[in-house]
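Since the structure is predicted, the reported quantities are computational estimates derived from the model, not experimental observations. Numbers here simply count residues along the sequence, with the first being 1.
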Amino acid sequence: MDPRDNDIEFDFFDEEPATTEAQSSQPRVRLPRRGGRIRGPAGPPRTLTPLLRLLALVAIIVAVLVFFGLLLQSCASTSKHDAYKSYMAKVSTIAQSSASDGAQLATDLTTPGVKVSDLASKLDGVAQQERQNVAASERLNPPGQLRTEHEDLVEALQLRVSGVQGLADTFRETASSKATTDAALLAVPAQRLLASDVIWDDLFRGPATAQMKKDGVSGVVAPESNFVTNPSLITEQSMVLVLQRLRGASTSGGTPTGIHGTNIVDTKVLPSGQTLSPGSENTVTATTDLAFVVTIADSGDSQEVGIKVTLTIQKPRGAIVRTQTVDLINPSQSKSVTFKNLGQVPFAQRTTVNVDVAPVPGEHNTANNKAAYPVIFSLG
């Protein structure tokens with residue numbers, strides 16, 4: 001036998017090499033790569049990531065909704081403010097026009113020497129002006145919250161039309177009458193005018209102001225509109241005197257009937273309250289707010305209107321002259337007018353302050369319509 005044959009070995013019964021499963025049961029150790037870095041602790045489990053993303057998305061959506069909500073609220077607030085502002089601006093124009101008509105009514109009723117027929121025609125014109133104000137108000141589109149208040153505004157203007165036209169018609173109907181009950185007939189439409197002012201203030205202006213405050217609207221004002229400038233002019237007693245005066249002016253030649261006249265009661269200095277004496281020298285401290293108050297009285301038995309009162313301060317280079325008007329004064333009544341903004345008065349020299357009340361129609365005694373006060377102005 002070849003000796004090499006003896007070298008052949010049969011390994012049928014030798015142990016088999018370890019299987020792959022056995023090898024995999026051993027833990028694998030990975031060496032770090034060159035230039036690499038060791039990873040830190042593992043992050044949160046991957047199952048939380050979608051939840052965090054969802055929460056972030058919800059937060060963004062909420063923020064966007066809040067932003068647009070605030071934007072819409074701001075736009076709505078601006079729109080509401082603009083609606084009130086535009087409406088009140090138009091109402092203000094009507095209010096001023098109506099108040100001017102009321103002032104014109106007072107002027108017409110207190111015009112000296114006017115005849116009944118002429119007065120009725122003038123009042124027709126005032127009523128027509130008020131009809132235009134009613135029409136203008138009916139064309140307005142008030143904010144939804146003020147629809148009731150706007151209806152009251154229109155009603156106030158309609159009462160003014162009714163009141164003025166009622167006065168015109170009644171004056172015309174009683175022009176040839178001498179009945180003492182005519183004044184009561186005139187007082188009825190006259191009271192509608194006073195009622196219109198109450199409705200404007202209590203049912204429109206007050207509630208409208210409260211509504212704007214409730215809605216958070218600032219800087220917008222509900223306007224005033226007072227039609228009756230002198231409430232004493234529209235009472236029944238006042239209408240008795242108005243008729244007496246008008247009927248006197250309507251007689252032949254326009255000669256007033258009854259006793260007519262006025263007189264100066266006193267003249268005072270403001271702000272001191274000093275009463276000037278015509279029979280002795282008066283030292284007056286000339287302050288920056290120097291003024292004179294002249295009080296006159298109706299010394300007759302008739303109503304007087306449109307009485308001019310003039311105050312004159314004599315000085316070397318042109319006198320200071322101021323004039324005021326007493327619109328209406330009834331028998332035994334006293335009224336005052338104030339003269340201010342007098343300019344530079346003469347200092348440290350004797351001068352005279354004159355007061356002159358213009359005679360009223362039918363006045364015969366005018367001696368008590370004038371007064372002269374010797375005065376020295378000092379700086380105090």
Side-chain angles (χ1 to χ4, degrees), residues 106-115 229-230 232-233 237-238 240-251 253-270 272-282 284 290-315 318-343 345-346 350-377:
T107 299
D108 293 340
L109 288 174
T110 58
T111 300
V114 67
K115 295 183 179 181
T229 58
N230 184 2
S232 64
L233 183 61
Q237 179 57 34
S238 181
V240 170
L241 299 172
V242 168
L243 284 174
Q244 181 185 19
R245 172 168 51 85
L246 292 175
R247 288 167 178 171
S250 299
T251 58
T255 302
T257 58
I259 302 173
H260 296 266
T262 61
N263 63 278
I264 299 172
V265 176
D266 59 35
T267 301
K268 293 184 177 181
V269 181
L270 294 181
S272 66
Q274 172 187 1
T275 300
L276 296 182
S277 172
S280 60
E281 191 170 84
N282 303 271
V284 175
L290 175 67
F292 292 92
V293 179
V294 177
T295 301
I296 67 171
D298 185 339
S299 53
D301 62 4
S302 305
Q303 184 184 75
E304 309 297 349
V305 295
I307 308 163
K308 301 291 184 182
V309 182
T310 302
L311 181 137
T312 304
I313 301 175
Q314 302 293 343
K315 67 177 194 174
I320 299 171
V321 181
R322 299 288 186 271
T323 300
Q324 298 282 1
T325 302
V326 175
D327 293 331
L328 179 145
I329 188 170
N330 292 322
S332 303
Q333 187 179 28
S334 296
K335 286 201 171 180
S336 300
V337 289
T338 302
F339 300 89
K340 51 187 177 179
N341 300 322
L342 299 172
V345 297
R350 195 174 190 277
T351 186
T352 303
V353 174
N354 295 305
V355 175
D356 185 6
V357 180
V360 297
E363 183 173 7
H364 301 292
N365 178 21
T366 60
N368 51 10
N369 287 22
K370 299 178 183 293
Y373 306 98
V375 170
I376 296 180
F377 291 102

Provide the closest heavy-atom pair for [X] versus [Y] in the form atom of the first, atom of the second, distance.
{"X": "Asn263", "Y": "Ser299", "result": "OD1-CB, 3.3 Å"}
{"X": "Val309", "Y": "Phe339", "result": "O-CZ, 3.5 Å"}
{"X": "Ser277", "Y": "Pro374", "result": "O-CD, 3.9 Å"}
{"X": "Leu342", "Y": "Leu290", "result": "CD1-O, 4.0 Å"}
{"X": "Ala297", "Y": "Val265", "result": "CB-CG2, 3.7 Å"}

Does [X] reach the side chain of [Y], with side-chain heavy atoms less than 4.5 Å apart?
{"X": "Val284", "Y": "Leu276", "result": "yes"}
{"X": "Pro361", "Y": "Arg245", "result": "no"}
{"X": "Ile313", "Y": "Pro346", "result": "yes"}
{"X": "Phe292", "Y": "Thr338", "result": "no"}
{"X": "Val345", "Y": "Lys315", "result": "no"}
{"X": "Leu241", "Y": "Pro331", "result": "yes"}
{"X": "Val294", "Y": "Ser336", "result": "no"}

Problem - Pairwise side-chain hydrogen bond (donor to acceptor under 3.5 Å, both in side chains) hits with a residue in residues 366-375, at least two apart - result: Thr267-Tyr373, Asp356-Lys370, Glu363-Asn369
Name all residues meeting the side-chain contact (heavy atoms from CB on, under 4.5 Å) criterion together with [X]; count only those two or more places apart in sequence or in a different chain, and write none if there are none.
{"X": "Ser302", "value": "Gln244, His260, Glu304"}
{"X": "Ser232", "value": "Asn230"}
{"X": "Gln333", "value": "Ile329, Asn330, Lys335"}
{"X": "Asn354", "value": "Thr312, Gln314, Thr352, Ala372"}

Just jot down the side chain to side chain donor-acceptor pair (under 3.5 Å) partners of [X], sequence neighbours excluded, or say none.
{"X": "Thr310", "answer": "Thr323"}
{"X": "Ser272", "answer": "none"}
{"X": "Ser332", "answer": "none"}

Practice task
Under the salt bridge (Lys or Arg N to Asp or Glu O under 4.0 Å) rule, collect the residues that match up with Asp108, sequence neighbours excluded.
Solution key: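 Checked Asp108 against salt bridge (Lys or Arg N to Asp or Glu O under 4.0 Å); zero matches.
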Exercise for the section: Just jot down the salt bridge (Lys or Arg N to Asp or Glu O under 4.0 Å) partners of Lys308, sequence neighbours excluded, or say none. Expected result: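 Salt bridge (Lys or Arg N to Asp or Glu O under 4.0 Å) list for Lys308, sorted by chain: empty.
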Exercise for the section: Without swapping roles, check the side chain of Thr110 against the backbone of Gly306 for a donor-acceptor pair under 3.5 Å. Expected result: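 It does not hold such a pair.
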Exercise for the section: Keeping the roles fixed (side chain from Arg322, backbone from Asn341), state whether a donor-acceptor pair exists under 3.5 Å. Expected result: yes
Practice task
Go through the steps to decide whether Val305 and Thr111 satisfy the test side chain to side chain contact (heavy atoms under 4.5 Å, CB included), and finish with yes or no.
Solution key: CA-CA 7 Å; Val305 295; Thr111 300; over 6 Å; no
Problem - Value rounded to 0.5 Å, distance of CG in Leu233 from CG in Asp327 - result: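 If we round to the nearest 0.5 Å, Leu233:CG and Asp327:CG are 9.5 Å apart.
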Practice task
Can you measure from OG1 (Thr262) to CG (Asp298) and round to the nearest 0.5 angstrom?
Solution key: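 It comes to 7.5 Å.
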